Amino acid sequence: MKILVLKGDGIGPEIVAAAETVVKAANKRFNLGLELDTAEVGLESLKSQGTTFPDSTVARMKESDGIILGPLDTAIYPPPEQGGTNASGGTRKALDLFANIRPSRVRPGCPAHVKKMDVVIVRENTEGFYADRNMYMGRGEFMPTPDMAISMRKVTREGCMRIAKAACELAKTRSGKLTMVHKGNVMKMSDGLFAECVNAVASDYKLDVDEYFIDAMTALIVRKPDFFDVIVTTNMYGDILSDLAAELSGGLGLGPSVNAGANHCVAQAAHGSAPDIAGKNIANPTAMILSCAMLFDWLGNRHGRPELQEAAKRIDAVIEAQLADQDGRTPDLGGPLGTDAFGAAVAKKLAG
Ligand code: NAD
C-alpha cells in the first residue's frame, strides 16, 4: 500500500517527521506493508518548481492509497498567477474529498478547558464559502471595483446529501445522536437546502436528530460540551466550530482530521502551519499522529484490512497514555518534550 508524505510549511516538517516515526513503528509492529514516499508541496515546491501545488504532486496523490499532508502557510502565498495555489483546498478539489472528519475528545489526565467532551464534526469540504474551490472555473470571490468585494457561497443538493450520509453513517456507529448546525433562519435558501437534505437522509436512519443555529451552537458547545456527539455542518461553520472544539478539548495541537472522498483519504491536522512556533521543536504533533491513525482506520475499512484498524486503535491508546503523563507532553500542554521526542516516545510505546 502506497502512502505519500507531504511535509507542508511552518511546523509541517517537524510534526510530519514525528508522525512518520510513529507510522513507521506501526508499519513494523502490525506488519502493515506500507511503502512511504515523499513529494513536494507548498513553499518548498514554490522555490524549486515555481508553484505551491505542482501537477506532478497531484498525479502522485492520485496514484497513492493514502496521503499524509502537513499544514500549509497559505496566508503568505503569492497570488495564484505567481504560483501560490492553496494546496490544501486544491487537494480537496482534485481528489473530491468531500468529507472533513474532525474529532475532539477530552483525554483523561490531560489538561482541557472542559471536563468532558467527545464530539466528531463532519464538515462539508468542497463547496460553501471557499472561493478557491467552490467554482468549476474561476473563483467565488471577485472585486468589481477597488472598493467592492463580492463572495459567492455555493450549496448543492448533491454536496449536502453526501455529507449528510457520511454523518449519518458515523452517528450510527456511535451514540446514534446527530446534530445539524446551520444558519437557516437567515440563509434561508442555502442553509435551508442543507437542513432539508440532512433531514431527508437522516429519515432513513434510526437517529436522534436535533439542529442549532451556528451562533447559538458556539455558546452551547462551551456550555454543554458533553451534550453533543456527531455534528454535521457546512464548510465554513465546520472549520470554525472544529477549532473551537479542539481548543476546548485541550488545544489546537490535539485536533486531528481526515479529508475523505469515495476513493482517496488525506490525513491532515485540523490546525494551520503555526508560523509563530515553527522551527523551535515545540509544536505538538498529536493532531498529525492521530490524523494518520484516522487514515489507517479509513484504509482498513475500505480495503478490509483489520490490522490497519487495530494499529489505529493502538496509536490512539498510546497517545492517550502519553498525554496522561505530564512529563510525556509537549510545552503547549505544560510538558517538557520536544516535537521529535514526543514522536519517538509514542513510537517506542507502540513497538513495545
Ligand atoms: P494556526 O492553527 O496555524 O495557529 C493558531 C495558534 O495555535 C498559534 O498560536 C499556533 O502556535 C497554535 N498551534 C497550532 N498548531 C499547534 C500545534 N500543533 N502545537 C502547538 N501549538 C499549535 O492558525 P493561524 O496562525 O491562523 O494560521 C497560520 C497559517 O496556517 C496561515 O497561513 C493559514 O492560512 C494556515 N492554515 C492552514 C491550514 C491547513 O493547511 N490545513 C489550516 C488552518 C490554517
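Both counts, for ligands and for their atoms, begin at 1 and track the order of listing. Everything numeric in this text was worked out from a predicted model, so none of it was measured.
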Close approach, Ala287 and ligand 1, non-hydrogen under 4.0 angstrom = no
Could you tell me whether Asn284 approaches ligand 1 through its side chain, its backbone, both or neither, with non-hydrogen atoms closer than 4.0 Å?
-> both
Are a donor atom and an acceptor atom from the side chains of Tyr77 and Gln82 found within less than 3.5 Å of each other?
-> no
Can you tell me if CE on Met152 sees more than 12 non-hydrogen neighbours from other groups inside 6.0 Å?
-> no
Ignoring hydrogens and angles, state whether a donor on the side chain of Thr126 or Glu124 is under 3.5 Å from an acceptor on the partner side chain.
-> yes
closest protein heavy atom to atom 11 (O) of ligand 1 is Asp276 OD1, 2.8 Å
What's the shortest distance from atom 40 (O) of ligand 1 to any protein heavy atom, and which residue and atom give it?
-> Leu72 N, 2.9 Å
When you look at NZ of Lys165, are more than 12 heavy atoms from neighbouring residues, nucleotides or ligands closer to it than 6.0 Å?
-> no
Which of these, Ala18, Pro331, Gly272, has its nearest heavy atom closest to atom 43 (C) of ligand 1?
-> Gly272
Run the side-chain donor-acceptor check on residues 216-235: report pairs under 3.5 Å with partners two or more places apart or on a different chain.
unit_1: Thr218; atom_1: OG1; unit_2: Asp215; atom_2: O; d: 2.7
unit_1: Asp229; atom_1: OD1; unit_2: Arg174; atom_2: NE; d: 2.8
unit_1: Asp229; atom_1: OD1; unit_2: Arg174; atom_2: NH2; d: 2.6
unit_1: Asp229; atom_1: OD2; unit_2: Ser175; atom_2: N; d: 3.1
unit_1: Asp229; atom_1: OD2; unit_2: Ser175; atom_2: OG; d: 2.4
unit_1: Thr233; atom_1: OG1; unit_2: Val181; atom_2: O; d: 2.8
unit_1: Thr234; atom_1: OG1; unit_2: Arg153; atom_2: NH2; d: 3.3
unit_1: Asn235; atom_1: OD1; unit_2: Arg123; atom_2: NE; d: 2.9
unit_1: Asn235; atom_1: OD1; unit_2: Arg123; atom_2: NH2; d: 2.7
unit_1: Asn235; atom_1: ND2; unit_2: Glu127; atom_2: O; d: 3.1

Verify the distance criterion only: is there a donor paired with an acceptor across the side chains of Arg92 and Gln268 at less than 3.5 Å?
-> yes
Taking distance alone, with no angle check, do Ala283 and ligand 1 share an N/O pair under 3.5 Å?
-> no
Among protein heavy atoms, which lies nearest atom 30 (O) of ligand 1, and at what distance?
-> Ser273 N, 3.0 Å
Closest approach of any protein heavy atom to atom 7 (O) of ligand 1, naming residue and atom | Leu252 CD1, 3.4 Å
Residue, atom name and distance, where the atom is the protein heavy atom closest to atom 25 (O) of ligand 1 = Pro275 CD, 4.4 Å
For ligand 1, the portion of Ile11 having any non-hydrogen atom under 4.0 Å away | side chain
For atom CE of Met143, decide whether the heavy atoms of other residues, nucleotides or ligands shown that lie under 6.0 angstrom number more than 12.
-> yes
How does Ser88 reach ligand 1, by side chain, by backbone, by both or by neither, if only non-hydrogen atoms under 4.0 Å count?
-> side chain
Regarding Glu40 and Ser48, is there a side-chain donor-to-acceptor distance under 3.5 Å anywhere?
-> yes
Protein residue, atom and distance nearest to atom 33 (C) of ligand 1, heavy-atom basis = Thr74 OG1, 3.8 Å
Nearest protein heavy-atom contact for atom 13 (N) of ligand 1: which residue, which atom, what distance?
-> Ala274 CB, 4.0 Å
Structural part of Gln268 in contact with ligand 1, heavy atom criterion under 4.0 angstrom | side chain
Among all protein non-hydrogen atoms, which one is nearest to atom 20 (C) of ligand 1, and what is the separation to 0.1 Å?
-> Ile277 CD1, 3.6 Å
Does a sphere of radius 6.0 Å around CG in Asp55 hold more than 12 heavy atoms from other residues, nucleotides or ligands, not counting ones at 6.0 Å or beyond?
-> no
Assess whether salt bridge (charged side-chain N to carboxylate O under 4.0 Å, His left out) is satisfied between Glu310 and Arg314, documenting all intermediate values.
-> CA-CA 6 Å; Glu310 202 190 321; Arg314 181 76 190 128; over 6 Å; no
Ring center gap for His182 and Phe213 short of 6.0 angstrom = yes
Any donor-acceptor N or O pair under 3.5 Å, side chains Asn125, Tyr130 = no
Less than 4.0 Å between atom 27 (O) of ligand 1 and some protein heavy atom, yes or no?
-> no
Ile15 heavy atom under 4.0 Å from ligand 1 = no
Answer with side chain, backbone, both or neither: which part of Pro285 has a heavy atom less than 4.0 angstrom from an atom of ligand 1?
-> neither
Please state which part of Asp73 comes within less than 4.0 Å of ligand 1, counting heavy atoms only: side chain, backbone, both or neither.
-> both
